[in-house]
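Only one structure is covered here, and it is reproduced in the block below.
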Amino acid sequence: MASMIPYDRYARALASWPFNAFDDFFAPLATTDGDVAFKMNVEDAGDKYVVTAELPGVKKDEVDVELNEGRLSIWVDKKESDEEKNKNYLQKETSEWQASRGVYLKDAATDGLTAKMDGGVLTVNVPKQAEKSNVTKVAID
């Protein structure tokens, strides 16, 4: 008697059987934007902005940082090495991927801009410049 299971539990389990098995198998392949993009922090440190991006396993030659009219963009193009391609993996959860993130810093200066990669963390120091007013007040006649 103790080993008896109500019929409705079997019916529910069997109704989704092949699909749950496939979902569990292909789960590492399913990615969302949150999984692909990297984490980035922007700090206002008084006379400069400090932008940090967490990029574990990424080499500095796979990262591109650009400041264009106040928009700081970070691109990552993670590639497999030839050594990894020649191995016979049974399961591999790392892959090639690309991601980019950006932030607008309206008073960012291009002079003195520095970037450093250390321990999987990219740190970009963006100095501030004196804010210029692009607004012109027009007198009404």
Discussion item. What I'd like to find out is whether the side chain of Leu113 reaches to under 4.5 Å of the side chain of Val65, using heavy atoms alone.
Written reply: no
Value for CE (Met40) from OG1 (Thr52), rounded to nearest 0.5 Å, stands at 9.0 Å
In short, Phe38 meets Arg101 closest at the heavy-atom pair O-NH1, 2.7 Å
Here the pair of heavy atoms bringing Leu67 nearest to Ala109 is CD2-O, 3.8 Å
- Task: Answer yes or no: is there a donor N or O on one side and an acceptor on the other, between the side chain of Lys128 and the main chain of Gly46, under 3.5 Å?
- Result: yes
When rounded to the nearest 0.5 Å, the distance separating CD1 of Ile74 from CD of Glu66 is 11.5 Å
Open item on the list: Just so I know, are the side chains of Asp44 and Tyr49 near enough to count as touching, which here means a heavy-atom distance under 4.5 Å?
Closed with: yes
Output for pair (Asp77 CG, Asp64 CG), nearest 0.5 Å, gives 10.0 Å
Q | Heavy-atom side-chain proximity of Leu55 to Glu62 below 4.5 angstrom | A | no
Of all heavy-atom pairs linking Val58 and Met117, the shortest is O-CE, 3.2 Å
All heavy atoms of Val126 vs all of Ala108, minimum pair found to be CG1-CB, 3.5 Å
The reported gap from NZ in Lys78 to NZ in Lys59 (rounded to nearest 0.5 angstrom) is 5.5 Å
Distance col, row Lys60:NZ vs Asp118:CG, nearest 0.5 angstrom, shows 11.0 Å
The reported gap from CD in Glu69 to OG1 in Thr110 (rounded to nearest 0.5 angstrom) is 11.5 Å
Exercise. Please test Asp107 against Gln129 for side chain to side chain donor-acceptor pair (under 3.5 Å), starting from the C-alpha separation and ending with a verdict.
Key: CA-CA 6 Å; Asp107 55 346; Gln129 64 184 355; over 6 Å; no
